[in-house]
Amino acid sequence: MSLRYLGSRIAQQIDEELMGSVGAFSLDQLMELAGLACAQALASVYGQEKYPRVLVCCGPGNQGGDGLVAARHLGMFGYKPTIYMPKPGSKDIYKRLKTQCDNMDIETIPPSSDLEPFRAALKSSDVILDAIFGFSFQGPLTSLRDGTSIKERSRKLASSLTFS
Ligand SMILES: NC(=O)C1=CN([C@@H]2O[C@H](COP(=O)(O)OP(=O)(O)OC[C@H]3O[C@@H](n4cnc5c(N)ncnc54)[C@H](OP(=O)(O)O)[C@@H]3O)[C@@H](O)[C@H]2O)[C@@H](O)CC1
């Protein structure tokens, strides 16, 4: 299997085109599709029976929203997702997606200066889905609210990949 990646500029242009008058998609639609695609990609590589525990790391922007959608779908696929959210997003869409995960009783590690729960989750997870930053990430990494610099290493790392 070969992998193809999109750079941030092209990804942003595609989203702008899709959300413009020609594409006519809404943000909710695109986010739902992005999160579903991530969950499906993960499931195609890390089967639920062998890798049931997925740690979904969600950043504060729309990429974090993609992660919340993915967590919901992974839960529906039979995985046991846990959400790590060092800095919750403030947008309405983000809050609604989080409520949907809460309604499915998906466990969340809340923002905290105590990193032990996050470290414990890293150790007990089979796969990590990285939804911390997307195309709006720029400049040097500044810490998130609890000081986490996301340099923790994992055994398996799944990200927003395009499979072909
Ligand atoms: N049409 C769309 O928009 C769609 C987008 N989609 C998805 O969303 C992604 C883009 O989402 P996005 O634009 O919300 O930004 P994203 O990359 O998640 O991060 C923003 C946050 O990062 C922070 N931050 C930035 N740099 C930082 C640094 N150096 N160090 C620390 N923090 C830093 C920044 O903080 P701030 O600058 O506001 O303080 C802000 O809070 C895109 O890749 C795709 O996956 C899909 O859902 C489909 C539709």
Side-chain angles (χ1 to χ4, degrees), residues 3-46 54-77 79 81-104 106 108-113 115 118 122 127-154 156-164:
L3 293 178
R4 286 179 297 148
Y5 299 91
L6 292 179
S8 59
R9 196 175 53 81
I10 299 285
Q12 204 155 4
Q13 280 173 0
I14 291 172
D15 269 2
E16 276 166 20
E17 203 170 308
L18 287 171
M19 287 178 67
S21 55
V22 176
F25 280 88
S26 68
L27 178 63
D28 287 63
Q29 270 183 297
L30 292 182
M31 202 175 275
E32 191 65 29
L33 290 169
L36 174 60
C38 287
Q40 288 173 324
L42 187 147
S44 74
V45 179
Y46 302 110
V54 184
L55 181 61
V56 184
C57 298
C58 297
N62 288 343
Q63 170 93 176
D66 296 351
L68 294 173
V69 172
R72 172 161 44 80
H73 285 290
L74 287 168
M76 287 191 250
F77 293 172
Y79 288 84
T82 297
I83 295 165
Y84 175 56
M85 220 169 39
K87 182 179 175 184
S90 55
K91 280 188 185 172
D92 178 61
I93 186 172
Y94 195 103
K95 291 177 184 166
R96 285 189 286 109
L97 290 169
K98 179 61 173 55
T99 299
Q100 292 162 22
C101 290
D102 292 344
N103 290 342
M104 286 181 65
I106 295 175
T108 299
I109 302 169
S112 168
S113 55
L115 293 181
F118 173 54
L122 277 178
V127 190
I128 293 170
L129 178 60
D130 164 23
I132 293 285
F133 295 119
F135 56 55
S136 295
F137 177 81
Q138 55 184 353
L141 180 67
T142 58
S143 66
L144 295 174
R145 184 173 293 164
D146 69 355
T148 307
S149 63
I150 315 299
K151 284 179 180 166
E152 303 279 351
R153 292 293 174 236
S154 58
K156 300 275 186 300
L157 178 68
S159 192
S160 306
L161 304 176
T162 305
F163 292 85
S164 64

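We count ligands from 1, going down the list as the structure has it; atoms in each ligand are counted the same way. A quick note: this is a predicted structure, and the numbers were derived from the prediction, not measured. Both backbone and side-chain heavy atoms feed into the values below; hydrogens, waters and symmetry mates do not.
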Check your understanding: Looking at ligand 1, does any of its N/O atoms fall within less than 3.5 Å of an N/O of K87?
Key -> no
Exercise for review: Give the single entry among D15, I14, L18 that approaches atom 49 (C) of ligand 1 most closely by any heavy atom.
Suggested key: D15
**Study point:** Min N/O separation F135 to ligand 1 under 3.5 Å
**Key:** yes
Check your understanding: If you measure from OG1 on T82 to CG on L129, what distance do you get to the nearest 0.5 Å?
Key -> 12.0 Å
Exercise for review: Calculate, to the nearest 0.5 Å, the distance between atoms NZ and CG belonging to K91 and N62 respectively.
Suggested key: 3.5 Å
Review point. In Å and rounded to the nearest 0.5 Å, what is the CG to CZ distance from L36 to F77?
Key: 5.5 Å
Review point. Quick check: does Q63 get an N/O under 3.5 Å from an N/O on ligand 1?
Key: yes
**Study point:** P60-ligand 1 polar pair, N/O distance under 3.5 Å
**Key:** no
Study note, to complete from the structure: Counting from 1 in the order shown, the ligand 1 atoms closer than 4.0 Å to a non-hydrogen atom of M19 are 1 (N)
Check your understanding: At the 4.0 Å heavy-atom cut-off, does G139 count as touching ligand 1?
Key -> yes
Revision key, fill the gap. dist Q138:CD -> F133:CZ (nearest 0.5 Å) comes out at 11.0 Å
Check your understanding: Considering residues, nucleotides and ligands other than Q40, do more than 12 of their heavy atoms fall under 6.0 Å from its CD?
Key -> yes
Practice item. Kindly indicate, with the supporting measurements, whether the criterion side chain to side chain contact (heavy atoms under 4.5 Å, CB included) is fulfilled by L97 and R72. Key: CA-CA 9 Å; L97 290 169; R72 172 161 44 80; 3.7 Å; yes
Point to revise | Numbering as shown, the atoms of ligand 1 that approach G134 to under 4.0 Å (heavy-atom distance) | key: 16 (P), 17 (O), 18 (O), 43 (O)
**Study point:** Within-cut-off N or O pair, P140 and ligand 1, under 3.5 Å
**Key:** yes
**Study point:** Verdict with reasoning, T108 to C101, per side chain to side chain contact (heavy atoms under 4.5 Å, CB included)
**Key:** CA-CA 9 Å; T108 299; C101 290; 5.8 Å; no
Practice item. Would you tell me which option among L33, L30, D66 has the nearest heavy-atom contact to atom 46 (C) of ligand 1? Key: D66
